[in-house]
Student: 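Handing you a structure now.
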Amino acid sequence: MRYDAPSPTRWNARSYDSSFGYVSAHGAPLVELLDPQPGERIVDLGCGTGVLTAEITSRGARVLGIDGSSAMIEKALAQYPGLDFIVGDGRDFTVAQPYDAVFSNAALHWMGREPDAVISSVREALTPGGRFVAEMGGAGNCAALTAALSTAWREHGLREPDLPWYFPTPAEYATRLEKGGFVVRLLEYFDRPTPLDECPNGAADWVRMFAGSLLQGVPADLVESLLRRVNELAAPALRRETGWMADYVRLRFAAVRR
Ligand code: BEZ
């Protein structure tokens with residue numbers, strides 16, 4: 001069997017939205033924290049297929065969705081033709097007029113190799129007093145998943161993969177926000193075990209969906225055995241009678257531009 005290995009910026013937008021709709025579903029409390037007001041101008045950074053962009057728009061705000069993946073933006077434009085979406089990079093996006101808020105759900109950990117550049121772009125996009133409201137993976141996120149992945153790679157004689165995500169501790173990210181010109185008003189750090197309802201093949205399906213880029217360069221004849229081993233190693237921690245559960249840890253914050 002051949003496995004596609006999309007990079008994070010070339011995700012399959014269709015399966016992201018259907019199988020992994022929980023990414024958007026879990027964003028509802030974050031929209032409440034954002035508390036969008038009619039007429040406010042808001043950026044949805046890492047908007048994916050635009051589900052939360054549309055939800056925030058339904059509260060009366062004018063929202064610009066930005067995502068690094070052109071496939072996601074194409075799907076967002078097709079689903080929500082009246083809304084504004086552009087392809088952009090969190091590390092260096094610019095806007096013509098400052099916004100009242102920047103919102104970001106489950107996306108900052110994909111942009112984290114240069115977290116200060118992201119924070120700086122967000123600051124520049126905001127009016128003074130503007131809000132940065134976001135949720136991302138925090139330290140320890142997916143620990144069992146990634147440990148299983150690294151062990152399986154090693155056992156197959158492969159170099160341990162360089163994981164593409166950034167999962168900071170609350171203290172580290174708060175320090176970056178403060179140094180980057182924000183006042184942190186709320187910071188929460190919590191476990192959020194997440195059912196992988198649409199992953200009948202558990203951790204292996206999760207790897208294909210979210211870590212497909214790591215399979216690039218793996219000899220095709222090793223892939224099935226590698227993913228089978230990921231499942232065996234992850235199962236004791238993540239497999240329940242009711243199905244697989246991802247060990248997600250969230251970092252949720254609201255900060256205000258000084
Ligand atoms: C997350 O939402 O925590 C996540 C999703 C995919 C890959 C890594 C982390």
Side-chain angles (χ1 to χ4, degrees), residues 3-31 33 44-53 67-69 71-72 90 103-113 115 118 133-153 160-170 172-173 187-199 201-216 227 230-231 233-234 237-238 243-253:
Y3 293 92
D4 281 338
S7 76
T9 52
R10 287 189 290 116
W11 281 347
N12 178 327
R14 179 162 353 137
S15 61
Y16 173 89
D17 215 35
S18 57
S19 303
F20 291 80
Y22 64 74
V23 172
S24 303
H26 281 289
L30 194 63
V31 175
L33 181 61
D44 180 3
L45 184 60
C47 63
T49 58
V51 177
L52 294 177
T53 319
D67 201 280
S69 159
M72 292 287 178
F103 170 91
S104 183
N105 180 52
L108 296 177
H109 47 253
W110 288 103
M111 311 171 200
R113 285 279 157 79
V118 176
V133 176
E135 187 172 306
M136 66 191 294
N141 193 39
C142 301
L145 279 165
T146 54
L149 202 147
S150 295
T151 303
W153 253 246
E160 274 192 35
D162 190 14
L163 302 177
W165 312 292
Y166 168 62
F167 301 135
T169 64
E172 177 189 335
Y173 208 77
L187 185 63
E188 293 174 323
Y189 178 54
F190 54 95
D191 292 329
R192 198 200 63 204
T194 301
L196 293 178
D197 290 335
E198 305 294 334
C199 287
N201 198 24
D205 283 352
W206 185 91
V207 171
R208 284 194 204 97
M209 178 69 192
F210 289 117
S213 62
L214 305 181
L215 293 170
Q216 276 165 4
L227 292 180
V230 170
N231 264 0
L233 290 163
L238 303 181
W244 286 80
M245 192 74 91
D247 54 340
Y248 282 9
V249 177
R250 301 288 94 178
L251 192 58
R252 180 185 291 170
F253 62 85

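Remember, it's 1-based here, ligands and their atoms both numbered in the order they're listed. Note that the numbering runs from 1 along the sequence shown for the chain. These numbers were taken from a predicted model, which means no experiment stands behind them.
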Student: Tell me, please: is M136 in heavy-atom contact with ligand 1, that is, under 4.0 Å?
Tutor: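 No, that is not the case, since the closest heavy atom of the residue is not under 4.0 Å from the ligand.
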Student: Distance under 4.0 Å to a non-hydrogen atom of N141: what atoms of ligand 1 satisfy this?
Tutor: 1 (C), 3 (O), 9 (C)
Student: State whether the shortest distance between N or O atoms of W206 and N or O atoms of ligand 1 falls below 3.5 angstrom.
Tutor: no
Student: Output the list of atoms in ligand 1 that are nearer than 4.0 Å to some heavy atom of F210, sorted by atom number.
Tutor: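 Counting from 1, the qualifying ligand atoms are 6 (C), 7 (C).
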Student: Any donor-acceptor pair under 3.5 Å linking the side chain of N141 with the backbone of F167?
Tutor: no
Student: Could you label the plane-to-plane angle of the F210 and W206 rings as parallel, tilted or perpendicular, counting under 30° as parallel and over 60° as perpendicular?
Tutor: tilted
Student: For atom 4 (C) of ligand 1, which candidate among H109, M209, H26, R192 provides the closest heavy atom?
Tutor: H109
Student: Do the ring planes of F253 and Y173 sit parallel (below 30°), tilted (30 to 60°) or perpendicular (above 60°)?
Tutor: tilted
Student: Where the side chain of D67 meets the backbone of G48, is there a donor-acceptor pair that is under 3.5 Å apart?
Tutor: yes
Student: Could you check whether any side-chain N or O of N231 sits under 3.5 Å from a backbone N or O of G202, counting only pairs where one atom can act as donor and the other as acceptor?
Tutor: no
Student: Where's the contact between Y166 and ligand 1, heavy-atom distance under 4.0 Å: side chain, backbone, both or neither?
Tutor: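 For Y166, no heavy atom sits under 4.0 Å from ligand 1.
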Student: Under 4.0 Å from any heavy atom of W110, which atoms of ligand 1 are there?
Tutor: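 Listed by number with element, the hits are 6 (C), 7 (C).
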Student: Is there side-chain contact between C142 and D247, with at least one heavy-atom pair below 4.5 Å?
Tutor: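 Answer yes - side chains close enough.
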